[in-house]
Protein chains: 2
Amino acid sequence: MKDVAKHFELFLRQRSLRLTRQREAILKAIYGTHRHVTAEELYELLQKAGDAKALRISRATVYRTLSLLAEGGFVQALELGRDRGTLYEHTLGHEHHDHMVCMACGKIIEFHDDELEQVQAAAIRRHGFEATSHRLNVFGTCAKCQEKGKGSAAGEAQAG
Amino acid sequence: MKDVAKHFELFLRQRSLRLTRQREAILKAIYGTHRHVTAEELYELLQKAGDAKALRISRATVYRTLSLLAEGGFVQALELGRDRGTLYEHTLGHEHHDHMVCMACGKIIEFHDDELEQVQAAAIRRHGFEATSHRLNVFGTCAKCQEKGKGSAAGEAQAG
DNA sequence: CTCGAAATGAGAACGAGTCTCAACCGCGGG
DNA sequence: CCCGCGGTTGAGACTCGTTCTCATTTCGAG
C-alpha cells in the first residue's frame with residue numbers, strides 16, 4: 001500500500017498531474033477494501049471517512065480519479081451488465097484473473113488458470129489479433145448455492 | 001430465417017404471448033443484418049423500413065422485444081463498456097463464439113476455438129462453479145490495423 | 001510567498017434503458 | 001365473422017450512472 005502510493009505519485013508526476021488529498025484518499029480507499037466497489041459505494045465510504053478529516057470529496061472527483069487510476073493500471077473496471085454500475089477492483093498485488101459471477105447470491109469469485117491463459121493467447125494469436133487485454137466473465141451458480149438449491153426450487157439464469 | 005420465425009412463434013405460443021407485427025418486424029430486422037446493432041440503431045432501421053408499411057415501432061417496444069428475444073435465446077447481448085450501448089447479435093445459425101474488439105477501427109471479430117472452450121470449462125469446473133454462460137472479450141488491434149500502424153504513430157489502449 | 005494552471009464541488013446535463021397508462025389489437029370463443 | 005379479454009403498444013416521463021460546466025480552490029515550481 002505504501003508502495004502503491006509511491007507508484008501513484010510517480011505516475012502523476014510523469015504526467016504533470018498533482019497529488020491532491022482527494023486522490024490520495026481515493027487510492028487509499030480502494031486499496032483498503034478487498035471487495036469490488038462501485039463509484040457510488042466508494043463515494044459514500046469516503047464521505048464517512050472524510051468527515052473526520054473535514055475532507056469532502058465530490059462524486060465527480062471519485063469518477064474522475066477512478067478513471068485516472070484505471071488509466072494508470074492501479075484499478076480495473078468490471079462491467080457485468082447495465083443494471084449495476086461499473087465495479088472497480090485494485091490491481092497491484094493481484095495478478096490477472098477472471099471472474100465467475102453467481103447468479104443466485106451475487107458473489108463474484110476470482111480465479112486464475114495458467115493453462116487457460118496460454119490457450120487463450122494462442123487462439124488469439126492464431127487469428128492475427130494483437131491483444132492488449134481481455135476479460136472472461138462466467139455466469140452461473142457457485143458451489144455454495146448449488147448445495148442450497150439441491151432439494152428446493154430451481155433457478156433460472158441464462159444467455160449464450 | 002423462415003425457420004427462426006417459426007421458432008419464435010412457437011416460443012411465444014408456449015408463453016401465451018402474442019405474435020404482433022412489431023415483434024415480427026424486429027425479429028426480421030435483427031436477423032436481416034450480420035452486424036452487431038444497438039437498440040437505437042435497430043430502432044432507426046425499423047423507422048425507415050416501417051414507413052413503407054405504415055408500421056411505427058416505438059423505442060420501448062424495441063427494447064422490450066430485444067429482451068424477449070434474448071430470453072428466448074434468439075439474440076444475445078454484448079456489453080463492451082458503458083460508452084456505447086448494449087450490442088445485439090442474432091444467435092440461431094451462429095454457434096457460440098467469443099469476440100475480439102479492435103480498439104483502432106472498432107471492428108468486432110468473432111472467433112471460436114474448441115480447445116479454448118474445453119480448457120475454460122475444465123477450469124471453471126475445477127472451482128466447483130456451475131456455468132450457464134460465459135463471455136470472453138478480447139481488446140487489442142486487429143491484423144489490418146497492425147499493418148497500418150507499423151510505420152506511423154503508435155496506438156494507446158490498455159487495461160488488465 | 002506568489003502565481004498560473006490543474007483540480008475540485010455542486011449541480012446541471014446527458015443518455016441508455018425502464019416505466020406508466022390510456023389506446024390498441026391479437027386471437028380464441030361464440 | 002364479430003366480440004371481448006387481456007396482452008401489447010406508443011409517447012413521453014422518469015431513473016440513475018456518469019460526464020460536463022464553470023466558478024472557486026489549491027497544488028507546487030520558482
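Note that the structure is predicted; figures quoted are calculated from it, not measured. So that the names make sense, note that chain A is the first sequence line, chain B the second, and so on, each numbered from 1.
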- request: State which of D:dA11, C:dG9, C:dA16 makes the closest approach to the side chain of A:T61.
  value: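 Minimum distance to the A:T61 side chain belongs to C:dG9.
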
field: Heavy-atom closest pair, residues A:S58 and A:Y43
entry: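 Nearest heavy atoms, A:S58 then A:Y43: C-CE1, 3.8 Å.
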
message: Could you report the tightest heavy-atom contact between A:C102 and A:T141, atom names first, then the distance?
response: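 Shortest heavy-atom contact: SG-CA, 4.0 Å.
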
Determine: side-chain N/O of [X] to OP1/OP2 of [N], distance under 4.0 Å, yes or no.
{"X": "B:S58", "N": "D:dG12", "result": "no"}
{"X": "A:Y63", "N": "D:dT18", "result": "yes"}
{"X": "B:R59", "N": "C:dG17", "result": "no"}

What integer distance in Å separates [X]:[atom1] from [N]:[atom2]?
{"X": "B:Y43", "N": "C:dG15", "atom1": "OH", "atom2": "P", "answer": "16 Å"}
{"X": "A:I57", "N": "C:dA10", "atom1": "CD1", "atom2": "P", "answer": "11 Å"}
{"X": "A:L69", "N": "C:dA7", "atom1": "CG", "atom2": "P", "answer": "13 Å"}
{"X": "B:R84", "N": "D:dT18", "atom1": "CZ", "atom2": "P", "answer": "17 Å"}
{"X": "B:L78", "N": "C:dA16", "atom1": "CG", "atom2": "P", "answer": "17 Å"}
{"X": "B:D83", "N": "D:dT19", "atom1": "CG", "atom2": "P", "answer": "9 Å"}
{"X": "A:R23", "N": "C:dG9", "atom1": "CZ", "atom2": "P", "answer": "11 Å"}
{"X": "A:L68", "N": "D:dT19", "atom1": "CG", "atom2": "P", "answer": "13 Å"}

message: Running the 4.5 Å side-chain criterion over Ile, Leu, Val, Met, Phe, Trp and Tyr, what cluster does B:F111 land in, apart from itself?
response: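 Cluster partners of B:F111: A:M100, A:I109, A:F111, A:L116, A:V119, A:I124, A:F129, A:L136, A:V138, B:M100, B:I109, B:L116, B:V119, B:I124, B:F129, B:L136, B:V138.
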
message: Connecting only ILVMFWY residues whose side-chain heavy atoms lie within less than 4.5 Å of each other, what is the rest of A:Y63's hydrophobic cluster?
response: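 Other cluster members: none.
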
- prompt: Under the salt bridge (Lys or Arg N to Asp or Glu O under 4.0 Å) rule, what pairs show up with a residue in residues 83-111 of chain B, not counting sequence neighbours?
  reply: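 Checked against salt bridge (Lys or Arg N to Asp or Glu O under 4.0 Å) - neighbours excluded - no pair reaches residues 83-111 of chain B.
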
message: For B:E44, is there an ion pair with B:K48 - N to carboxylate O distance below 4.0 angstrom?
response: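 So B:K48 does not pair with B:E44 through a salt bridge.
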
query: So B:F11 and B:F74, would you call those rings parallel, tilted or perpendicular, with 30° and 60° as cut-offs?
result: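 It falls in the perpendicular class, over 60°.
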
task: Check whether any side-chain heavy atom of A:R64 lies under 4.5 Å from a side-chain heavy atom of A:T61, and answer yes or no.
output: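 A:R64 vs A:T61: side chains touch.
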
Letter per nucleotide, 5' to 3', of nucleotides 19-30 of chain C [B base touched, S only sugar-phosphate touched, - untouched; heavy atoms, 4.0 Å]: BB----BBSS--

message: Heavy atoms only, 4.0 Å cut-off, all strands: where does A:T38 land among base, sugar-phosphate and nothing?
response: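 A:T38: no heavy atom of the nucleic acid under 4.0 Å.
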
- prompt: Between the two ends of the helix from C:dC1-D:dG30 to C:dG30-D:dC1, what is the bend in degrees, rounded to 10 degrees, where each end axis spans five pairs?
  reply: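 It works out to 30° between the end axes.
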
Results of side chain to side chain donor-acceptor pair (under 3.5 Å) for B:N137 - residues two or more places apart only: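 Per chain and number, B:N137 pairs via side chain to side chain donor-acceptor pair (under 3.5 Å) with no residue.
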
